[in-house]
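Below, all heavy atoms of this structure are taken into account, side chains as well, without hydrogens, waters or symmetry copies. In the text below, chain A, chain B and the rest are named by the order of the sequence lines, each starting its count at 1.
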Amino acid sequence: MDVETGNDDAEKGRPIGRRVFLGTMGLGISSLLWGDTAWRAIGDAMAPLVRAVPAAVRDALPSPADGWRIYAVNPPFPEFDAATWRLTVAGLVGEPASLSLDELKQLPRSEQVSDFHCVTGWSVPDVRWTGVRLSDLLARVTPDARARALSFVSLEEPYVDTLTLRQASLPDVMLAYGMDGRPLTREHGAPVRVVMPRMYGYKGVKWLARIDVTDVVAPGYWEQRGYDRDAWVGRSNGYS
Amino acid sequence: MTATPGWAGRMATPSAGRATSVALRPRFGATERTLHWIHAAGFTAMLATGLVLYLPALSGLGGRPLVKALHLGSAVAWGLGLALVALLGDHAALRATRRQVERLDGDDLRWLRGSRAPQGRFNAGQKLHTVLQAAFAALLIVSGALLWLGERNTSFQLSGTVPLHDGATFVTVALVLGHLFLALVWRPTRPALRGIVRGSVDAAWANRHHAKWARDDAPGPRRRRPTRRRLGLAAVVALVGLIALGSFVRDAAAAPDESGAALLYPR
């Protein structure tokens, strides 16, 4: 036991401070199990309030991005010029295409709600994507018989990733230009990004500039650095 | 705004010369002050780098791998600093502070309810603030360590880790803003700042705000020199800490073009 008694009121009183400390720690540690559920419930409860804030104000404020973690391999984020931006589709196709954003938007428009999973362990549930099904775009450019894969090249050099033609033809693979009812923002890959809900987010190339149709599946940016090429959610990259 | 006399007279003539008759009372020893400023510096560094990692609007500032390495590096440096203070600092003073902070007496409870009960060296608000800061710092370290481990082994990934790290940050920032307001802006409490910067406070102010402590004449605990064993332990801790710090810096220098390091920063 301590022998010093100098100038304090310490011997008196109840160990309330210690209890507050232990209680906070207990609550905090246990929240590793329930915190996610609680956080989402709070987010849902706050949603009407957030929507009440004018969009211009919302955009101007730095916000924690609703559960998103935004990464860039070559910051700052690319900026696209609506006047000059083109999505080029080239390679082993019958009809190469070079589409402006307006032309892309004239393709059949589709919408879906899907979950987004990052390989580092965070997820954003129920993202509402608006855009073009990749299969609709492919039907327009008509890949030839040798075509096996697509390389998605980003404005953010040197980012690139790939999908096999079969993976790209799954019904929920999209090129999205809208997210949660608004145009895709710069940090989410404006003007257009790849959405592949069944794979981890690094397959969803942002700031899309070009699609190369090829006969070999080239490794993408992170695949060159050890990640799985077929990045199925829950069945790749050490998850089982 | 008009000010109440007492302290106002003194605030109005701050440069009345060094040899004024303002009586001072020592409040914080070197150990406590060092501890406070290491904590403050670590918090500031981790908050600044953390915000760059967290807010998309700031993500253009510096490469993410570098900022992340700085974030982790400041956590290691902070922990190293605290460990060294714990090993080499004035143990008697640290123990006394801990006991004072973790116990609340009847006057403290009355003070919390808004009555003007006399307070000891720490008032009840300061006690609770200290306790909560300590708890949330510990939670930030736990959740931060889990984030770091989760990047290496998926079995460390828990759904609540990110909410805990974020939530603890919000609470801590709110606490710190209140703390800064009382220390730098709010006039009645501002004289306390001198105590954490230079060690002593105006005795008259102490009399009004910390009456039980101010009128207690018992000398503070005597400081003893660190033992050889403590010194040896401190050297080991310093070495381990510096090695850890070095490995984070190496990570930062290597990423994102070397495969091993790049694994830490996926998209």
>> Quick check for you: among Asn237(A), Leu33(A), Val20(A), which has the greatest number of heavy-atom pairs under 4.5 Å with chain B?
In response: Val20(A)
> Given the options Leu164(B), Leu158(B), Val162(B), which has more heavy-atom pairs under 4.5 Å with chain A than any of the others?
Replying inline: Leu164(B)
> Would you say Ile16(A) and Leu109(B) make side-chain contact, with heavy atoms under 4.5 Å?
Replying inline: yes
> Measuring heavy-atom distances to chain A, does Leu147(B) have an atom under 4.5 Å in its side chain, in its backbone, in both, or in neither?
Replying inline: neither
> Measuring heavy-atom distances to chain A, does Leu128(B) have an atom under 4.5 Å in its side chain, in its backbone, in both, or in neither?
Replying inline: side chain
> Which salt bridge (Lys or Arg N to Asp or Glu O under 4.0 Å) pairs, counting each pair once, include a residue from residues 23-33 of chain A, with sequence neighbours left out?
Replying inline: none
>> Please enumerate all residues that pass side chain to side chain contact (heavy atoms under 4.5 Å, CB included) together with Arg116(B), with sequence neighbours excluded.
In response: none
>> For the CZ atom on Arg14(A), are there more than 12 heavy atoms of other groups (residues, nucleotides or ligands in this structure) within a distance under 6.0 Å?
In response: no
> Is it the backbone or the side chain of Leu22(A) that comes under 4.5 Å from a heavy atom of chain B, or both, or neither?
Replying inline: neither
>> Ignoring hydrogens, what is the shortest heavy-atom contact between Asp166(B) and Trp39(A)? Give both atom names and the distance.
In response: CB-CZ2, 4.2 Å
>> To check you understand the geometry: which heavy-atom pair defines the closest contact between Gly13(A) and Arg103(B), and what is its length?
In response: O-NH1, 2.5 Å
>> Around atom CZ of Arg210(A), are there more than 12 heavy atoms from other residues, nucleotides or ligands closer than 6.0 Å?
In response: no
> So which heavy atom on Val131(B) is nearest to which on Gly17(A), and how close?
Replying inline: CG1-O, 3.2 Å
> At a heavy-atom separation under 4.5 Å, does Val142(B) approach chain A through its side chain, its backbone, both, or neither?
Replying inline: side chain
